[in-house]
Amino acid sequence: MTLQELEIGKSASILSVGGEGALRQHFLDMGLIPGAEVTMVKLAPMGDPMQLKIHGYELTIRIADAKKIQIKPIDTPAEEKEINRNKKQIPHPGLGEGGKYHVKANEHPLKDGEQLTFALAGNQNSGKTTFFNRLTGANQHVGNFPGVTVDRKDGVIKGHENTLVTDLPGIYSMSPYSSEEIVTREFILHEKPKGIINIVDASNIERNLYLTLQLMELEVPMVIALNMMDEVRENGGSILINEMEQLLGVPVVPISAAKNEGIDETIEHALHVAKYQEKPGRMDFCSTDGEGSAVHRCIHSIMHLIEDHAKKAGIPERFAATKLAERDKLVLEKLNLDDNEKDILEHIILQMEKERGLDCAAAIADMRFSFIQKLCSATVIKPKESKEHARSRKIDQILTGKYTAIPAFIAIMGLVFWLTFNVIGAFFVNLLDMGITWLTNITDTALGALDVNPALHSLIIDGVFNGVGSVLSFLPIIVTLFFFLSMLEDSGYMARVAFVMDKLLRKIGLSGRSIVPMLIGFGCTVPGVMASRTLSSERDRKMTILLTPFMSCSAKLPIYVFFTAAFFPKHGALVMIALYFTGIAMGILVTFLLKGSVFRGEAVPFVMELPNYRMPGSKNVAQLLWEKAKDFMQRAFTIIFIATIVIWVLQTFDLRFEIVTNSQDSILASAAGIIAPIFKPLGFGDWRISTALITGFIAKESVVSTLSVLIPSKTILFSLLTPLNAAGLLVFCLLYTPCVAAVASIKRELGGKWTMVVVIGQCVIAWLAAFIVHMVGLLIGL
Ligand code: GDP
Ligand code: MG
């Protein structure tokens, strides 16, 4: 029978894994290999994807993929493996300590002045960034969602000048699957760090060690840091460190990055192995007897066969041989084998497949997992079901429960927006607004009393205070929104949203993973676009990036508030909700159209780990908020500040640089007058509005600051716009081109051509939508 037929709560053993190519490899790398035991946990509320438990962790896969996996049901899962508390202790081997035991120390240590470079490698969500922040004192964003780090970050280890650590995106294996995984593989293979610090999530050790074995084959000096030991310990588990060191020939250090334990020891070992270039003591993971011996003979034959080519190509021999045994095309090309050798290679692999009874990819994955199983049964005292996991299961009964998941999602998002706009945000906005008004008044009086030149007086009050102030008062709302979004991400809820929404998103040609860039897009499009890198297919990535700008970003909020307060004071909430949903609906419509035309085909398969829920660290959250606040203030005092001054100057002087009495005669009016006709059919053809819209390209907040400079009083505003015009204008602002920063990040991800499509396309869409609003409004007689 196949995996999708397995009943909830039942276990089975995998017989074979179907499918092909990178996806199949990814399944194997995630531990779905013949012989492994899986337990069906639940289906997503909409019936697809499904959640499995394998090797002690939670994984989601789609029904369609599950159909390709053959299984054999088992009655009594061998869950409670023997607990080996009475293993005899073995001496501490002292790897990476420069002690008398150390194995394979290189006679040629690095020269004294040479910089020690380290790669921080490990599975997604294993705590690499937390560790990196501890090492370097940096403040990179940590999140409880697989794939938060999407780019490499460098830093110097505190107190060790001549070092450089690189935090890399998490990977599950050295067979790259998504674009951020390629970043990591390329870095380790080509930039040749002097050492690797491998962060292993000890609470999920079997899956994590899979990558460890592949890293060890690279012959780069390495230290294994067993992270999350705090959780393992609290749940009654433990790891025999000395034995593990002995068996792997690599220093192993138990740490807790979150609790700051074991960091210094890890640094010490890492510096030592890198300095003395101590390579891992073991690179051979195949067993010489039983079923596995075919694989053993195959790999070793290949090693002999390609020894010279591997040396020439600069690829570690064992790594190359295993990759060849997996029929990896990239490595095969690099090795430049003769035709004769290629033939022999193929024969060796075929013979192995025949003897082993598995195809090459499965056989190699099985070899690694068998070794890991042996290693773990000798060194790991399994914790009971962890408190964290039990808690997650309880929370998930509601948050991913069949009938509760979607109401819970709507309720949570509703609560987030309500608290942001109506409660917390609004309170602080009022407070800040009062402060700014107070400061403006004092300055105004002071300038008056000092008899300052009226032009300068006007620049300071009408220009700077008015413009920057109008934007600055939104700081609290924006910080609050980011606070909630980061809580959703750090707690592990985002991964659940992806799980629940997958089926729905597939209808518009995307996968559940796309929900994350979209939700982040409500904060700011730039990180939203960046987050799309976790998507493994080019097509999904493009579509998600095109969709993200339709999620109304927080910088557009001031615009909404400005106009709703003036024109629809009684229906504020309604207008806001309508705007957010219009954005989402337009995005969905556009994606739907793209799916039917440019981006035909299926969304990527959905294989994702569901991490346990965690309480976001307060330091982390505070850090993020401070960063966002700083960012926003910087923009307010640089871009917005300059923009308001420029606008003020342009509207105060005419072409002969004389102060105008009526701003209708100003430089700005004549320049903006050229563009204004474009907006005439939409009902807001005034030059002041078009100026504001143009400055909105620099930063969305600037629409408001510009309007506050150009339109000093409500009466003028009301003479320019009817409520219907204002509605059209709001829709236009919602949909038209993203700001420069977002456009730049889109260009980085998609290149120039698509960026033009986004900028021009969105302007056209915005114009059409605003036109429709205007026309419909006129028709029904508003
Ligand atoms: P990365 O994806 O490997 O960079 O992992 P992160 O550093 O973003 O951390 C993932 C999650 O694990 C976050 O929620 C961290 O707070 C949490 N975490 C990291 N280290 C530890 C640890 O030592 N103990 C515990 N309990 N949690 C940790
Ligand atoms: Mg990270």
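What's counted below: heavy atoms across the whole structure, side chains too, no hydrogens, waters or symmetry copies. Both counts, for ligands and for their atoms, begin at 1 and track the order of listing.
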What do we get for Thr130 next to ligand 1 when only non-hydrogen atoms under 4.0 Å count, side chain, backbone, both or neither? both
Enumerated ligand 1 atoms positioned under 4.0 Å from heavy atoms of Asp230: 22 (C), 23 (O), 24 (N), 25 (C), 26 (N)
Flag this pair as yes if the NZ/CZ of Arg393 is under 6.0 angstrom from the six-membered ring centre of Tyr613 and inside a 45 degree cone about the axis; otherwise no. no
State, with a plain yes or no, whether a side-chain heavy atom of Glu245 is found less than 4.5 Å away from one of Pro251. yes
Between Met228 and ligand 1, find which residue part has any heavy-atom pair under 4.0 Å and reply side chain, backbone, both or neither. both
Polar-atom distance check: Thr129 versus ligand 1, any N or O pair below 3.5 Å? yes
Does Gly170 reach ligand 1, in the sense of a heavy atom lying below 4.0 Å from it? no
The atoms of ligand 1 lying under 4.0 Å from a heavy atom of Ser256, numbered in the order shown, are 22 (C), 23 (O), 24 (N)
Backbone or side-chain N or O of Ala258 under 3.5 Å from ligand 1 N or O: yes
Applying side chain to side chain donor-acceptor pair (under 3.5 Å), name anything that partners Asn235, two or more places apart in sequence or on another chain. Glu388
Between Glu243 and Leu375, is there a side-chain heavy-atom distance shorter than 4.5 Å? no
I want to know if ligand 1 touches Gly127 in the polar sense, i.e. an N/O pair below 3.5 angstrom. yes
Select the closest option to atom 10 (C) of ligand 1 among Asn123, Asn125, Asn260, judged by heavy-atom distance. Asn125
Classify the ring geometry of Phe522 against Phe417: parallel below 30°, tilted from 30° to 60°, perpendicular beyond 60°. perpendicular
Counting only heavy atoms, tell me which of Arg614, Glu234, Glu261 gets closest to atom 12 (O) of ligand 1. Arg614
Test: Arg614 and Asp490 ion pair at under 4.0 Å: no
Salt bridge flag under 4.0 Å for residues Glu609 and Arg207: yes
